[in-house]
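Okay, so here's the structure we're looking at.
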Amino acid sequence: MCAEGGKLDKLARWLMEGSPGRAVVFSGAGISTESGIPDFRSPGGLWERFDPAELSFPRFMASAQSRQRYWDFYRENWRLSREAEPNAAHFAVSSLEHSGRLATVITQNIDGLHQKGGSSPEKVLELHGNMWKVRCLSCARLYPWEEVFLRLKEGLGVEYCHSCGGFLKPATISFGQSLSEDVLEQARHHTLKSDLFICMGSSLVVYPAASFPEMAKHAGARLVIINRESTSLDDIADLIIHDQIGPVMSGVMDILGK
Ligand code: NAD
């Protein structure tokens with residue numbers, strides 16, 4: 001299955017015509033479903049067993065019971081995601097970077113698959129953090145996720161930092177938690193300078209993340225949306241491809257000659 005060739009040709013042409021290093025990729029959970037990590041909607045995913053509202057930051061801070069629920073979620077999330085490998089879309093995005101076409105990848109994903117697929121870590125702006133690090137909320141000491149995972153498997157508590165006694169939490173941004181100002185600032189900078197802004201696999205409903213495509217469009221960039229279903233910003237997009245991201249991006253890379 002693939003989108004009509006005309007749309008892929010158009011996207012490839014815009015990538016070639018654009019000023020070098022000014023295109024931006026904005027990715028969401030949908031770019032990783034072809035790697036086996038479910039988005040919020042796919043049937044059978046973790047999100048059928050865990051309610052995102054229960055995993056919010058205020059809930060995490062409120063009680064030991066909520067933190068236990070949170071860690072139950074992460075134990076499952078780590079178990080299910082640790083074998084995941086990048087797919088054709090992640091590889092296409094890293095090729096675009098290495099051929100000098102991309103300024104940055106702004107991602108809502110926490111799975112680290114862009115970096116695993118070859119994108120330079122400094123070019124990946126993780127708006128919602130990274131699930132493969134655990135951080136103390138008080139002193140910011142980092143712990144390897146594997147260490148915490150083993151303790152969870154053994155039924156031991158993981159709530160407190162060995163250094164300062166603060167709460168440990170995966171280095172992700174939960175609902176109700178502030179995003180990093182530094183990451184937001186870099187994302188704003190690249191968005192405002194972009195001439196081509198390509199959204200891949202996001203329903204574009206989670207804010208402030210979804211404000212970036214709007215910002216890019218208002219600043220004069222062409223807005224492209226690749227998503228298998230409609231999104232909340234289809235109305236303002238210059239090109240909409242309702243299809244699977246992996247095959248679409250493989251097709252675009254074939255046209256570009258990799
Ligand atoms: P979302 O679940 O709201 O939307 C994903 C969109 O991708 C859907 O519209 C779906 O139709 C589309 N999609 C799924 N697979 C696709 C494919 N192969 N090809 C084309 N389209 C596809 O995700 P979101 O907009 O990123 O927002 C959800 C929030 O959940 C984010 O904050 C993110 O941090 C978090 N999240 C992250 C991951 C991850 O890191 N992989 C996974 C689940 C949720």
Side-chain angles (χ1 to χ4, degrees), residues 1-3 7-8 11 25-57 73-74 76-78 80-93 105-117 119 124-133 145 170-180 183-184 187 198-214 224-234 237 239-252:
M1 176 180 62
C2 211
K7 290 189 175 182
L8 305 197
L11 177 52
V25 165
F26 177 89
S27 66
I31 199 173
S32 294
T33 57
E34 291 168 54
S35 295
I37 300 181
D39 61 15
F40 273 156
R41 291 145 206 266
S42 303
L46 262 186
W47 302 107
E48 280 182 356
R49 280 184 283 148
F50 291 89
D51 174 1
E54 273 189 18
L55 305 170
S56 71
F57 192 60
F73 170 76
Y74 258 90
E76 272 302 276
N77 203 4
W78 281 332
L80 295 170
S81 304
R82 67 187 158 162
E83 306 291 348
E85 292 296 335
N87 64 57
H90 297 104
F91 291 125
V93 171
V105 180
I106 303 173
T107 188
Q108 298 171 85
N109 294 348
I110 56 173
D111 56 33
L113 286 181
H114 280 295
Q115 297 90 322
K116 222 173 167 184
S119 290
V124 182
L125 298 176
E126 295 176 306
L127 294 175
H128 298 161
N130 186 301
M131 66 188 279
W132 305 112
K133 293 176 198 156
W145 74 272
T172 57
I173 308 293
S174 304
F175 288 105
Q177 192 174 6
S178 302
L179 280 70
S180 152
V183 173
L184 283 174
I198 310 168
C199 301
M200 300 182 188
S202 174
S203 54
L204 302 176
V205 292
V206 176
Y207 279 79
S211 63
F212 290 105
E214 291 175 314
V224 178
I225 294 177
I226 310 172
N227 205 64
R228 65 184 173 206
E229 56 189 26
S230 305
T231 77
S232 58
L233 297 183
D234 283 9
L239 178 64
I240 302 166
I241 303 178
H242 283 157
D243 212 329
Q244 295 282 112
I245 306 163
V248 165
M249 287 311 295
S250 298
V252 170

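Start at 1 and go down the list; that is how both ligands and their atoms are numbered. Along the sequence shown, residues carry numbers from 1. If you're wondering where the values come from, they're calculated on a predicted model, not measured in any experiment.
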Original post:
Which of the listed options, Glu229, Met249, Glu34, holds the heavy atom that is closest to atom 11 (O) of ligand 1?
Top reply: Glu229

Any idea which protein heavy atom is nearest [atom], and the distance to it?
| atom | result |
| --- | --- |
| atom 26 (O) of ligand 1 | Ala29 N, 2.8 Å |
| atom 41 (N) of ligand 1 | Asp111 OD2, 2.7 Å |
| atom 19 (N) of ligand 1 | Ile245 N, 3.1 Å |
| atom 14 (C) of ligand 1 | Asp39 OD2, 3.1 Å |
| atom 25 (O) of ligand 1 | Ser202 OG, 2.7 Å |
| atom 2 (O) of ligand 1 | Phe40 N, 3.1 Å |
| atom 7 (O) of ligand 1 | Asn227 OD1, 3.2 Å |
| atom 17 (C) of ligand 1 | Gly30 O, 3.5 Å |

For ligand 1, which atoms have a heavy atom of [X] less than 4.0 angstrom away?
| X | value |
| --- | --- |
| Val206 | 27 (O) |
| Ile37 | 41 (N) |
| Ile110 | 40 (O) |
| Pro38 | 42 (C), 43 (C) |
| Gly201 | 5 (C), 6 (C), 7 (O) |
| Thr33 | 14 (C), 15 (N), 16 (C), 17 (C), 18 (N) |
| Gly28 | 26 (O) |
| Asp243 | 19 (N), 20 (C) |

Nearest-0.5 Å distance, [atom1] of residue [X] to [atom2] of residue [Y]:
| X | Y | atom1 | atom2 | answer |
| --- | --- | --- | --- | --- |
| Met249 | Gln244 | CE | CD | 14.0 Å |
| Thr172 | Leu127 | OG1 | CG | 13.0 Å |
| Cys199 | Leu239 | SG | CG | 11.0 Å |
| Ile226 | Ser202 | CD1 | OG | 12.5 Å |
| Leu184 | Ile106 | CG | CD1 | 9.5 Å |

Original post:
Taking non-hydrogen atoms only, is His128 closer than 4.0 angstrom to ligand 1 via side chain, backbone, both or neither?
Top reply: side chain

Donor-acceptor contact present, side-chain [X] to main-chain [Y], <3.5 Å:
| X | Y | value |
| --- | --- | --- |
| Asn130 | Trp132 | yes |
| Ser232 | Leu204 | yes |
| Glu34 | Asn87 | no |
| His128 | Gln108 | yes |

Subject >> Donor-acceptor pair between Ser81 and Asp111 side chains, under 3.5 angstrom >> reply: no

Subject >> Contact list for residues 80-93, test salt bridge (charged side-chain N to carboxylate O under 4.0 Å, His left out), sequence neighbours left out >> reply: Glu85-Lys116

Original post:
Listed by chain and number, what are the side chain to side chain donor-acceptor pair (under 3.5 Å) partners of Asp234, not counting sequence neighbours?
Top reply: Thr231, His242

**OP:** Please confirm whether Thr172 comes under 4.0 Å of ligand 1, counting heavy atoms of the residue only.
**Re:** no

